[in-house]
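This report refers to the structure that appears directly beneath it.
The chain is numbered in sequence order, starting from 1. What's counted below: heavy atoms across the whole structure, side chains too, no hydrogens, waters or symmetry copies. The structure presented is a predicted model; accordingly, all values stated were derived computationally and were not measured.
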Amino acid sequence: MSEHEPVTSPDQHKPGHPRAARIGAAVSAVVLLTMLVGNHHGHVEDIFLIIGAGLLVLALVGDWVLRRNGLR
C-alpha cells in the first residue's frame, strides 16, 4: 500500500488552518488578561497570566514579521 504514496519530507506538510490559529492565540491572550480581574488576594497568579499572554502576543508578532518579510 505505501508504494503508491508520494515521498514527501515533513517540511512539505503545511499546518491546517494558520488563520484560525492566529485568531485563537489572540483570543486566548485576551482571555488570560481578563482573568486578572477577580477576587484573589495573592498576585502570583497575575504574574503567570501576564507572562502567558505576553508569550502568545510575542508569538503573534513574530509570525506577523515572518509573514511580512515573506519567510513563511
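Listed by first then second residue, pairs satisfying salt bridge (Lys or Arg N to Asp or Glu O under 4.0 Å) with a partner in residues 41-60 number zero, not counting sequence neighbours. Pairs engaging residues 24-38 under the side chain to side chain donor-acceptor pair (under 3.5 Å) rule: none recorded [sequence neighbours left out]. Here salt bridge (Lys or Arg N to Asp or Glu O under 4.0 Å) pairs that include residues 22-36, with residues two or more places apart or in two chains, are Arg22-Asp63. Residues in residues 47-56 take part in no side chain to side chain donor-acceptor pair (under 3.5 Å) pair, two or more places apart or across chains.
Residues Ala29 and Ala53 come closest through the heavy atom pair O-CB, 3.8 Å.
Cluster partners of Met35 are Ile23, Val27, Val31, Leu32, Leu33, Leu36, Leu49, Ile50, Leu56, counting Ile, Leu, Val, Met, Phe, Trp and Tyr whose side-chain heavy atoms approach within less than 4.5 Å, directly or via other members. Under a 4.5 Å side-chain heavy-atom cut-off, the cluster of Ile, Leu, Val, Met, Phe, Trp and Tyr residues that includes Leu55 is completed by Ile47, Ile51.
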